[in-house]
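In this text, all values refer to a predicted model and were calculated from it rather than measured experimentally.
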Amino acid sequence: MTATDTRPADFIRAIVAEDQATGKWGGQVVTRFPPEPNGFLHIGHAKSICLNFGIAAELGGRCHLRFDDTNPSKEEHAYVEAIRRDVAWLGFDWGAHEYFASDYFEQLYAWAVTLIQAGKAYVCDLAPDEIRAHRGTLTEPGRDSPYRARGVDENLDLFARMRAGAFADGTRVLRARIDMASPNLNLRDPVLYRILRATHHRTGDAWCVYPLYDYAHPLSDSIEGITHSICTLEFEDHRPLYDWLLDALGIHHPQQIEFARLNLSHTVMSKRKLLKLVAEGHVRGWDDPRMPTLAGMRRRGYTPAAIRDFCDAIGVAKRDNTIEMARLEHAVRTDLNAVAPRALAVLRPLRVVIENYPAGQVEWLDGANNPEDPAAGTRRIPFGRELYIERDDFMLDPPPKYFRLAPGREVRLRFGYFVTCVGVETDPATGEVTTVRCTFDPATRGGSAPDGRKVKGTLHWVSAAHAVPAEVRLYGHLFAVADPEADAGDFLDLLDPHGLEILADCRVEPSLAAARPGDRFQFERLGYFCVDADSAADRLVFDQTVGLRDSWAKTQAGSGGV
RNA sequence: UGGGGGAUAGUCUAACGGUAGGACAGCUGACUCUGGAUCAGUAGGUCGGGGUUCGAAUCCCUGUCCCCCAGCCA
């Protein structure tokens, strides 16, 4: 064990480890994941979840799931349930530590009164645009609100009446009295409470004043005894306010630490944009397999382990970053390769007739369920005179280095026999090959030749008489460009038109007939697929999770195609 | 150019004054009943300029570039 092995994996873990060593928090580690229930969780949230729950787990601490529900106009209970489901699916358990900022409204209100009494907060009657005008700009200081000098008693009375519903929405706010000339705009008397008549998903109409994030967040952290409040970079400017409030109140003061959020190529992470895609029907929903949401990734067949491994692998730092999608795909391939049962499935069927194979004869051949895992056992696959192979696996006039079937060429049918192409039938109108005629070598049953001869290619196939029809949905990237956020135009114009391709006439081996939604398979030579929620007993539907690495396709791309 | 952050291979990420390392992507090759998997090899980097030092990605000075902040969103 070297020093490198014991060094914390990232700068946040280093801080927490240091705090543990010095006993700063009495040996305690309490983190929290604080989503706002106004949308579904995405892979960016997964980074934060893995960080917060991971640190707590590593150090014997705990991580709270706290819904930051301070804005009733945007939040819904349905999102709460979706978030719970996604965090649990990812593999994390918050136990009894589920909280809502809205549970703290009474305490938060009481602390606001405390601030007023201490002369550190005041009720401001300025309209929203006036507040903005008084705030100044990045380079000019703000101006004091004319209400800044209001007396404690008047503030107390006004704030009580705000709560009581005496004033219209937007007519008054409670503000912290800090410094209108601060170079940090967050300190120019930030708004703490606004009047908002909206039904809250949990407190209903009990309140008409709601705290803002900057006020509710540090106090919620404090109430819960959080030690390390880990958030993303854009809140760095808010830390002085976070600290100011906790100091002003003299209560438990967690340490806020910021890290760079995850960006993934070929997709967007903005909740606003994801919501727009869903609301306007550009995708089928929050769980559309093209979406970077955990629900979408789950539906597509990503495993929790793959996502966790991905989050561990990308690291945590402060510099802006965009992870290549290939990194995520690598994580899911690695996981699925080890655990996904194999199956034979033909996406674009091409009929094959084996001339010297007896009509009506059926043989049940043994196929390994997972070459990576002998314990996975074998299954029986029917073989007959008439089969389907992949259209891509046959060419009348193949280019060099093409190892598949072509006139006169011999290949192996996976787990089956060597077959040689002896002719084709074509559609006289289009010239398209409709049937490939072959002969088989009976001595090669199971896939190897007693005379030791080799074949360059092995094809997947299904028995025409036994194959089960299926729909397969192929997915590309959500966006056609690596960084859809970079373009100044409408991001919708950047959606990849090839992001979804539906193949309605596929054929899969009969053992797949029993597959249930959520089941994952590797279709040999093609990729990983997951049974979609739309699947029914009489209509199998598969989603492509990710393709297998394909060096032939790479060769093709490199040579500019055939 | 007010404040706050950040710059290490194509993309991420380590190195805490002492050989710039790892991963993904790329390329070569080996092996293979998945052109999969696996294995081996290979190429590629410290934002620029000064300085301190025996020695600098790391410390100092200076310049440049990138990100965030002017919601009664979070």
Please give the distance between the P atoms of B:U28 and B:C66 as a whole number of Å.
37 Å
Could you check A:His238 against A:Glu372 and say which one's nearest nucleotide on RNA chain B is further toward the 5' end?
A:Glu372
When we call it a touch if two heavy atoms are under 4.0 Å apart, what does A:Ala127 touch: a base, just sugar-phosphate, or nothing?
base
For the backbone of A:Leu347 and the side chain of A:Glu390, can you confirm whether one donor and one acceptor N or O come within less than 3.5 Å of each other?
yes
Is any side-chain nitrogen or oxygen of A:His460 closer than 4.0 Å to OP1 or OP2 of B:U34?
no
With a 4.0 Å cut-off on heavy atoms, is A:Arg132 in touch with a base, just the backbone sugar-phosphate, or nothing at all?
sugar-phosphate
Across the strands shown, which category fits A:Ile131 at heavy-atom distances under 4.0 angstrom: base, sugar-phosphate, nothing?
base
Rounded interatomic separation in angstrom, taking CG from A:Leu126 and P from B:G71:
14 Å
Whole-Å gap separating P (B:U34) and CG (A:Leu413):
13 Å
Using a cut-off of less than 4.0 Å, is there contact between a side-chain N or O of A:Arg319 and OP1 or OP2 of B:A7?
yes
Could you say whether the aromatic ring of A:Trp552 and the base of B:G35 stack, counting only centre distances under 5.5 Å and plane angles under 30°?
yes
With rounding to whole Å, what would you report as the distance between B:U11 and B:G4 at their P atoms?
29 Å
If you check every side-chain atom of A:Leu548, which of B:G2, B:G36, B:G5 has the closest atom?
B:G36
Base, sugar-phosphate or nothing for A:Arg414? Non-hydrogen atoms, less than 4.0 Å.
base
Pairing partner of B:C65, by Watson-Crick or G-U wobble and under 3.5 Å for both distances, is B:G6
At 4.0 Å (heavy atoms only), tell me whether A:Thr137 reaches a base, stays on the sugar-phosphate, or touches nothing.
base
Which part of the nucleic acid, if any, lies within contact of A:Lys401, taking any heavy atom under 4.0 Å across all strands shown: a base, the sugar-phosphate backbone alone, or nothing?
base
My understanding is that a pair needs two contacts under 3.5 Å, Watson-Crick or G-U wobble. By that rule, which nucleotide pairs with B:C54?
B:G18
Classify the side chain of A:Glu324 and the base of B:G10 as holding, or not holding, a donor-acceptor pair under 3.5 Å.
yes
Considering only the C1' atoms, how many Å lie between B:A57 and B:A70, rounded to the nearest integer?
36 Å
Hey, would you say the A:Tyr79 and A:His201 ring centroids sit under 6.0 Å apart?
no
Atom CG of A:Asp393 and atom C1' of B:G36: how far apart are they, to the nearest Å?
13 Å
Salt bridge check, A:Glu509 against A:Arg379: does any charged N sit closer than 4.0 Å to a carboxylate O?
yes
Starting at CG of A:Leu459 and ending at P of B:U32, how long is that distance when rounded to a whole Å?
19 Å
Has the side chain of A:Asp550 got a donor or acceptor that lies under 3.5 Å from a partner of the other kind on the base of B:G35?
no
B:U13 P sits how many Å from A:Arg327 CZ, rounded?
9 Å
Between A:Ile323, A:Val332, A:Asp335, A:Thr334, which is the residue that forms a side chain to side chain contact (heavy atoms under 4.5 Å, CB included) with A:Phe310?
A:Ile323
With nearest nucleotide decided by heavy atoms, which residue, A:Phe403 or A:Lys318, maps closer to the 5′ end of RNA chain B?
A:Lys318
For the ring pair A:Tyr242 and A:His238, is the centre-to-centre distance below 6.0 Å?
no
Considering only B:C72, B:G3, B:A37, which nucleotide approaches the side chain of A:Asn184 most closely?
B:G3
Testing B:G5, B:G2, B:A14 for proximity to the side chain of A:Ala317, the answer is B:A14
Are A:Phe542 and A:Phe529 an aromatic pair, judged by ring center distance below 6.0 Å?
no
What nucleic acid atoms does A:Tyr193 come within less than 4.0 Å of, heavy atoms only: base, sugar-phosphate, or nothing?
nothing
Could one point to a donor on the side chain of A:Arg404 or the base of B:G35 with an acceptor on the other under 3.5 Å away?
yes
Using the C1' atom in both, what is the distance from B:A56 to B:U42, to the nearest Å?
29 Å
Mind checking the P distance from B:C12 to B:A25? Whole angstroms is fine.
15 Å
Given the P atoms of B:U58 and B:G48, what is the spacing between them in whole Å?
10 Å
Taking the C1' atom in each of B:A43 and B:U53, what is the distance between them to the nearest angstrom?
33 Å
With sugar-phosphate meaning primed atoms plus P, OP1 and OP2, does A:Tyr210 contact a base, only sugar-phosphate, or nothing at under 4.0 Å between heavy atoms?
nothing
Just the rounded figure in Å: distance from C1' of B:G3 to CG of A:Asp179.
12 Å
With syn defined as a glycosidic angle within 90° of 0 and anti as the rest, where does B:G71 land?
syn
Does any N or O donor sit under 3.5 Å from an N or O acceptor when you compare the side chain of A:Gln522 with the base of B:U34?
yes
Please tell me which of the listed nucleotides, B:U34, B:A70, B:C73, lies nearest to the side chain of A:Pro371?
B:U34
Tell me what A:Thr70 touches on the nucleic acid: a base, only sugar-phosphate, or nothing, going by heavy atoms under 4.0 Å.
sugar-phosphate
Is A:Ala313 touching bases, backbone alone, or none of the nucleic acid, heavy atoms closer than 4.0 Å?
nothing
Are A:Phe159 and A:Tyr193 close enough that their ring centres sit under 6.0 Å apart?
yes
Between A:Trp552 and A:Phe403, ring centroids under 6.0 Å:
no
According to the Watson-Crick and G-U wobble definitions, with both distances under 3.5 Å, which nucleotide is paired to B:A43?
none
Euclidean distance, atom CG of residue A:Leu138 to atom P of B:U1 [Å, nearest integer]:
11 Å
By the definition side chain to side chain contact (heavy atoms under 4.5 Å, CB included), identify the one residue from A:Arg412, A:Arg414, A:Glu524, A:Arg404 that meets it with A:Leu459.
A:Arg404
Under 3.5 Å for both donor-acceptor distances, Watson-Crick or wobble: does B:A25 have a partner, and if so which one?
none
Checking all strands, does A:Val191 fall into the base, sugar-phosphate, or nothing category for heavy-atom contacts under 4.0 angstrom?
sugar-phosphate
Whole-angstrom distance between B:A20 and B:C27, as gauged at atom C1'
23 Å
Base, sugar-phosphate, or nothing: which does A:Leu264 touch, judged by heavy atoms less than 4.0 Å apart?
nothing
Length of the line joining A:Asn370:CG and B:A37:P, which is rounded to integer Å:
13 Å
If only side-chain N and O atoms count, and only distance matters, is there a donor-acceptor pair under 3.5 Å linking A:Arg342 with A:His460?
no
Please classify the nucleic acid contact of A:Asp237 as base, sugar-phosphate, or nothing, using heavy-atom distances under 4.0 Å.
base
Within the 4.0 Å heavy-atom criterion, would you say A:Arg342 contacts the bases, only the backbone, or no part of the nucleic acid?
base
